[in-house]
2 protein chains.
Amino acid sequence: MISKKNCEKEDTEELILKAARQVFVRKGYEGARMQEIADEAGINKALLHYYFRSKEKLFDKIFLEAFRNFWPSVKEELDRGKGTVKSLIKAAVISYTDLLMKMPFLPAFVIGEINRSPERMEDLLLATGINPRFVLDVIQKGIERGEVIPLEPRSLLINIVGLSLFPFISRPLLSRMFFESDEEYLKFLENRRTDLYEFICRSVLTEYQP
Amino acid sequence: MISKKNCEKEDTEELILKAARQVFVRKGYEGARMQEIADEAGINKALLHYYFRSKEKLFDKIFLEAFRNFWPSVKEELDRGKGTVKSLIKAAVISYTDLLMKMPFLPAFVIGEINRSPERMEDLLLATGINPRFVLDVIQKGIERGEVIPLEPRSLLINIVGLSLFPFISRPLLSRMFFESDEEYLKFLENRRTDLYEFICRSVLTEYQP
DNA sequence: CATACATTTGACCAGTTGGTTAAACCAAAT
DNA sequence: ATTTGGTTTAACCAACTGGTCAAATGTATG
């Protein structure tokens, strides 16, 4: 009864989730087909509904998970730093770039879905319990300390996140528009890790020498 | 034969296009329904297929149009300027903010669709004939002239576009996460017009005093 | 009025989609 | 060996979707 689940074969539930992740993230809710998820998982379509009652239920699980990943653990990296804005910028840019190198389709998926049904955001934000106040506090303290020029903390945070995500969100466009190949674009993204950090620091730190 | 079209009632073709724009841009290709477009236009569904043979044909028209709008006419504003990078940044930020204030759903739509079918990009870029080389040239000249610090021109361009678009792409999220209401968020976007310009200039111009 | 032609409609169709059901399967407990 | 209970499947269904078609409507021209 338990032996089968643990040893004989991979847990079916996890198998389904893996397949659903693949399909939903690449095609979105509307574009995804239950049959395709079943095929990807190598199981019968009816089994999907046995484990997760409906498409929406299954999707919600995947989306919530994606949304959580989407908010990378800047916090830990930040705690290791000195609580300066400089270290915040570095932590954020690096965390995001690392995350998105591993999961390049994540941001386009999340953004597509929050635009498809913005109503969900309320519940979603409550469910995840994510709140970025502590990041805003770090920036505010940085301003008071004179490390950062006076600015709207939310604005800086949005700039950091936007600059990190945008090249991944628009990859199919930017890659073809400005680069010879997708490999070359990948190299560009690698270099961007440090370029971006410097780009932001130059703009907002009162004293910055690379 | 002509009198009817011009005077008696609005051109049906334009009526359909307006409805299709509305529905496609908000729901994407997969989420849009031909019936909904017909309803929105106040006509029969069969009439859609009479004017535009298939959903894909109709969509292509809307998408190409959207993609063209998406590349705002920085060129004209730039020509009026002195060809400096400083004026390029101003022109780009202002053009984009103005455009997106009028058409806030445009970028999420375009980005969603280029991610759904990246293959199309090749044909699309050819069809629009858009090429940003002249913008890159302006930046390159700016570097040689010493106006701009040494950097990868493509990187700066991507930063400018990304910073301009991101707040609109992620509006449903950012608005709820950081602001009390959507109206407050709109005010933020208004102020951003100048904030963003200064943010970029501080980072890349060798000499910049606001 | 009658003809010719474009426009508009309601009814309809075939394929797809999410979801259901009853039966089969299978490992463990009796 | 039989029972039990969770797991898996093939077959099926109702609703929906893009698309078609023949008939109806309108409109300018002869």
Side-chain angles (χ1 to χ4, degrees), chain A residues 1-64 109 112-113 116-117 120, chain B residues 1-64 109 112-113 116-117 120:
Chain A
M1 200 182 187
I2 313 165
S3 60
K4 186 190 171 188
K5 271 194 175 183
N6 291 353
C7 318
E8 210 170 306
K9 46 159 75 183
E10 199 175 349
D11 188 11
T12 307
E13 194 168 321
E14 191 49 50
L15 209 70
I16 293 176
L17 284 173
K18 200 187 288 183
R21 225 168 278 144
Q22 194 99 347
V23 176
F24 274 133
V25 169
R26 273 179 172 69
K27 311 211 164 176
Y29 179 82
E30 305 275 12
R33 300 283 164 252
M34 291 299 264
Q35 187 59 58
E36 193 182 346
I37 296 176
D39 292 346
E40 180 80 28
I43 57 158
N44 190 289
K45 188 177 59 140
L47 202 55
L48 286 184
H49 290 88
Y50 175 75
Y51 278 93
F52 308 87
R53 292 226 297 271
S54 69
K55 184 184 183 183
E56 210 170 335
K57 288 259 200 327
L58 178 56
F59 174 81
D60 283 348
K61 210 145 203 162
I62 300 296
F63 185 57
L64 186 64
F109 170 60
E113 293 302 325
R116 185 175 65 87
S117 45
R120 292 193 187 208
Chain B
M1 199 181 185
I2 312 165
S3 62
K4 186 192 171 189
K5 271 193 172 182
N6 291 353
C7 318
E8 212 170 305
K9 47 159 74 181
E10 200 176 349
D11 187 10
T12 308
E13 193 168 320
E14 192 49 50
L15 209 70
I16 294 177
L17 284 173
K18 200 187 285 182
R21 225 168 279 145
Q22 194 101 346
V23 176
F24 274 133
V25 168
R26 273 180 170 69
K27 311 211 164 174
Y29 180 82
E30 306 273 13
R33 301 282 164 253
M34 290 299 264
Q35 186 60 59
E36 196 183 344
I37 296 175
D39 292 347
E40 180 79 29
I43 56 157
N44 190 288
K45 188 177 60 140
L47 203 54
L48 286 184
H49 291 87
Y50 176 74
Y51 279 92
F52 307 87
R53 291 226 297 272
S54 68
K55 184 183 185 184
E56 210 170 335
K57 288 261 200 324
L58 178 56
F59 174 81
D60 283 349
K61 209 145 201 160
I62 300 296
F63 185 58
L64 187 65
F109 170 59
E113 293 303 325
R116 184 175 66 88
S117 45
R120 291 192 187 210

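Sequence lines set the chain letters: A, B, ... in the order given, protein chains first and strands last, and positions in each chain run from 1. The basis for the numbers below is simple: all heavy atoms, side chains too, and nothing from hydrogens, waters or symmetry mates.
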Discussion item. Starting the side chain at C-beta, find the nucleotide from dT9(D), dT9(C), dG18(D) nearest to Ile43(B).
Written reply: dT9(C)
Worksheet entry | Short side-chain N/O contact to dG18(C) OP1/OP2 from Ser54(A), under 4.0 Å | no
Response to the item:
Of the candidates dG18(C), dG10(C), dT8(C), the side chain of Ala46(B) sits closest to dG10(C)
Discussion item. Does dT7(C) have OP1 or OP2 under 4.0 Å away from a side-chain N or O of Thr12(B)?
Written reply: no
Discussion item. So, does Arg53(B) get its side chain near the phosphate of dG19(D), meaning an N or O under 4.0 Å from OP1 or OP2?
Written reply: no
Response to the item:
note: Tyr50(A), atom OH; dA10(D), atom P; distance rounded to Å ~ 17 Å
Fill in: Length of the line joining Leu48(A):CG and dT17(C):P, which is rounded to integer Å
14 Å
Discussion item. Between Tyr51(B) and dT8(C), is there a contact of a side-chain N or O with OP1 or OP2 at under 4.0 Å?
Written reply: yes
Worksheet item: Between atom CD in Gln35(A) and atom C1' in dC12(D), what is the gap in whole Å?
Response: 14 Å
Practice prompt. Answer yes or no: is there an ion pair linking Lys27(A) with Glu36(A), defined by an N-O contact shorter than 4.0 Å?
Written response: yes
Practice prompt. Measure up the Tyr29(B) and Phe59(B) rings against each other and bin them: parallel (under 30°), tilted (30 to 60°), perpendicular (over 60°).
Written response: perpendicular
Worksheet item: dG19(D) base to Lys55(B) side chain: any donor-acceptor pair below 3.5 Å?
Response: no
Fill in: Atom pair distance, as rounded to whole Å: CE in Met34(B) and P in dG10(C)
17 Å
Practice prompt. Let me know the distance between CZ of Phe59(B) and P of dG18(D), rounded to the nearest Å.
Written response: 13 Å
Fill in: Short side-chain N/O contact from Arg33(A) to OP1 or OP2 of dT16(C), under 4.0 Å
no
Worksheet entry | Note: Asp60(B)-Arg120(B) ion pair, threshold 4.0 Å (strictly below) | yes
Item to complete: Give a yes or no on whether a salt bridge exists between Glu14(A) and Arg21(A), defined as a side-chain N under 4.0 angstrom from a carboxylate O.
Response: yes
Worksheet item: Could you give the CG-to-P distance, from Leu58(B) to dT17(D), as a whole number of Å?
Response: 16 Å
Item to complete: Check every strand shown and say whether Ala32(B) touches a base, only sugar-phosphate, or nothing at a heavy-atom separation below 4.0 Å.
Response: sugar-phosphate
Practice prompt. By nearest nucleotide on DNA chain C, pick out whichever of His49(A) and Asn44(B) is the more 5' one.
Written response: Asn44(B)
